[in-house]
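Each remark here refers to the structure printed beneath this line.
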Amino acid sequence: MAIEMLYFAWVRERVGMGAERVDPPADIATVADLIGWLAGQSGGHAAAFEDAGRIRAAIDDRFVGLDAAIGGAREIALFPPVTGG
Amino acid sequence: MAIEMLYFAWVRERVGMGAERVDPPADIATVADLIGWLAGQSGGHAAAFEDAGRIRAAIDDRFVGLDAAIGGAREIALFPPVTGG
Amino acid sequence: MAAIDPVIDVRVQADDFDVGVELGRLEALGGGAVGSFTGIVRGGDGLIALVLEHHPVMTAKTLRQIAEEAAARWPLLGVTLIHRHGRLEPGARIVLVGTASPHRAAALEATMFLIDWLKTRAPFWKQECFADGGKTWVEARSADNAAAEKWGAAHG
Amino acid sequence: MAAIDPVIDVRVQADDFDVGVELGRLEALGGGAVGSFTGIVRGGDGLIALVLEHHPVMTAKTLRQIAEEAAARWPLLGVTLIHRHGRLEPGARIVLVGTASPHRAAALEATMFLIDWLKTRAPFWKQECFADGGKTWVEARSADNAAAEKWGAAHG
């Protein structure tokens, strides 16, 4: 199940890239599972995802909670809480 | 005790002038007294001041209640409730 | 709140004003948050114009007092109040309230306060002129009084 | 509230905007009451610029949803939301919220709602750049979340 990942702000900086294609194993069912799995992919990923509580997510351009199922997702964005306005 | 009167909006229209100099008798002590006295000065004044509850006042450019004393007043303005903004 | 000495700009004029220029002045004060309210003559029901009469000596003074009251209640860097008088046709601007503050809630709450107080305390009177020649003095609205009263009495 | 179909104008852009022109469009809708909030980069503490990053696909869509939520809650004739991205120096405009309504309270309450929701729901991230070369991502503020939450959940 290939997923297009998008990263923003310090998540992007720590991972070291703004986008990547990942193929997590079948037992990765939720956004939280995905974050835990991503944290093991590199030192940069580990730094970005060491505290899942600071991460927000969107699946296919819709905000979701970390408990959201990722089945069928084409694109998942991970980022810090927003600070616009 | 000569007082410069100023009238605005429909008070001005009914009285028929925007300003006049008046010299009320000594027993006219408050704005309400003055309004009652003015109502007897002409048909226009009577139409303007038939309902004192609809009149607001300022003495020497400060808003006052109808119970305010007029002793020492140089100028008194009478007008309807304001409708700016 | 009195730590900041705000720039208060109050004008009573027949001429129109430029909202972009006025708000630009407030933006330049460095607060980060600028709020505004613009009141415009609304057409409909055959209205062809409003005529705004005012008490020439009291108006600017009253607007200044209202601006100072807002500055006593919120941390404002600037308050701009412009109120037009004379004949104004539908679509014409009547009044501008602008505020600058370090805090967005302060800027917008003060804007609301200023227009509420201005409606019930500034010595202006509106006459409506209709296409059929009729003229009517606008009556004060109890809703406006209620809106003003929710802010409580003057501090001063 | 759904009786009025408001003019919603949402833009995400690097370029500056003209507040007078934008509010002029809202004034022309005939409501009589136009409210606005402008957010500006505040200097101080050695800040030389903000860099605003955003999620290019989601931002305009999210701003439109926020504007539609405001239109579902207040009788609005128009909502304008403009949010800049990229590098912005102190004094630069960041965001404009503008509303038009027949009612002044609706215009100003909706303005407050829009900026509160925009701060906590629109996918923008601010990085502060300092004179000494330091860069810091701005942390989300709990006060902003509290301000947004006081308006309750989305209707849709």
Side-chain angles (χ1 to χ4, degrees), chain A residues 2-22 31-32 34-35 38-39 42-70 72-85, chain D residues 12 37-42 50-66 81-86 88 93-97 111-128 135-145 147-148 153-154 156:
Chain A
I3 303 170
E4 194 69 30
M5 298 301 307
L6 295 178
Y7 305 123
F8 294 101
W10 54 255
V11 174
R12 172 180 56 71
E13 288 185 337
R14 292 181 190 181
V15 171
M17 52 195 156
E20 66 176 325
R21 194 175 193 82
V22 300
V31 174
L34 179 66
I35 290 171
L38 284 167
S42 79
H45 287 80
F49 299 117
E50 65 190 350
D51 181 0
R54 298 185 63 201
I55 304 295
R56 301 291 179 272
I59 296 182
D60 293 332
D61 304 328
R62 293 174 61 94
F63 292 108
V64 296
L66 298 193
D67 57 349
I70 63 169
R74 185 184 50 76
E75 176 199 280
I76 299 180
L78 298 176
F79 41 78
V82 302
T83 57
Chain D
V12 181
F37 175 83
T38 311
I40 301 128
V41 180
R42 205 162 16 163
L50 286 184
V51 175
L52 274 120
E53 183 170 330
H54 72 122
H55 182 316
V57 178
M58 286 184 73
T59 37
K61 179 176 127 181
T62 307
L63 294 186
R64 176 162 292 272
Q65 286 167 346
I66 293 170
L81 294 180
I82 307 178
H83 203 302
R84 294 177 71 189
H85 59 81
L88 300 174
R93 283 176 279 266
I94 307 168
V95 62
L96 176 69
V97 174
T111 300
M112 180 85 88
F113 166 83
L114 285 159
I115 187 65
D116 281 347
W117 265 37
L118 195 151
K119 285 217 169 238
T120 54
R121 292 172 180 247
F124 288 92
W125 298 273
K126 283 195 190 100
Q127 188 178 41
E128 296 177 325
K135 295 185 178 190
T136 313
W137 289 97
V138 173
E139 294 275 330
R141 296 170 61 233
S142 59
D144 286 338
N145 289 321

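What you see is a predicted model; the values in this text were computed from it and never measured. Throughout, a chain's letter reflects where its sequence line sits, starting with A, and its residues are numbered from 1. Hydrogens, waters and symmetry mates are skipped; everything else that's a heavy atom, side chains included, is used.
- Using a 4.5 Å cut-off between heavy atoms, A:Arg62 touches chain D through backbone and side chain atoms alike.
- In this structure, D:His54 and D:Phe124 have parallel ring planes: the angle between them is below the 30° cut-off, well short of the 60° mark.
- Heavy-atom distances place the side chain of D:His83, and not its backbone, under 4.5 Å from chain A.
- Proximity to chain A is limited to the backbone of D:Arg121, based on heavy atoms less than 4.5 angstrom apart.
- Between A:Met5 and A:Val22, the shortest heavy-atom contact is CG-CG2, 3.6 Å.
- Counting heavy-atom pairs under 4.5 Å between each of D:Asn145, D:Val51, D:Leu118, D:Val138 and chain A puts D:Val138 at the top.
- Residue A:Ala19 comes nearest to A:Leu6 through the heavy atom pair CB-CD2, 3.9 Å, listed as atom of the first residue, atom of the second, then distance.
- Looking at D:Thr62, the atoms closer than 4.5 Å to chain A (heavy atoms on both sides) all sit in the side chain, from C-beta outward.
- Shortest non-hydrogen contact noted between D:Glu53 and A:Ala9 is OE2-N, 2.8 Å.
- Between A:Phe8 and D:Trp125, the angle of the ring planes stays under 30°, which puts this pair in the parallel group of the 30/60° scheme.
- Contacts of D:Gln65 with chain A are absent, with no heavy-atom separation under 4.5 Å from either backbone or side chain.
- When A:Arg54, A:Arg12, A:Arg56 are compared by the number of non-hydrogen pairs under 4.5 Å with chain D, A:Arg12 comes out ahead.
- Taking all atoms of both residues into account, the shortest heavy-atom contact from D:Ala147 to D:Asp116 is O-OD2, 3.5 Å.
- Of the atoms belonging to D:Lys126, heavy atoms from both backbone and side chain fall under 4.5 Å from chain A.
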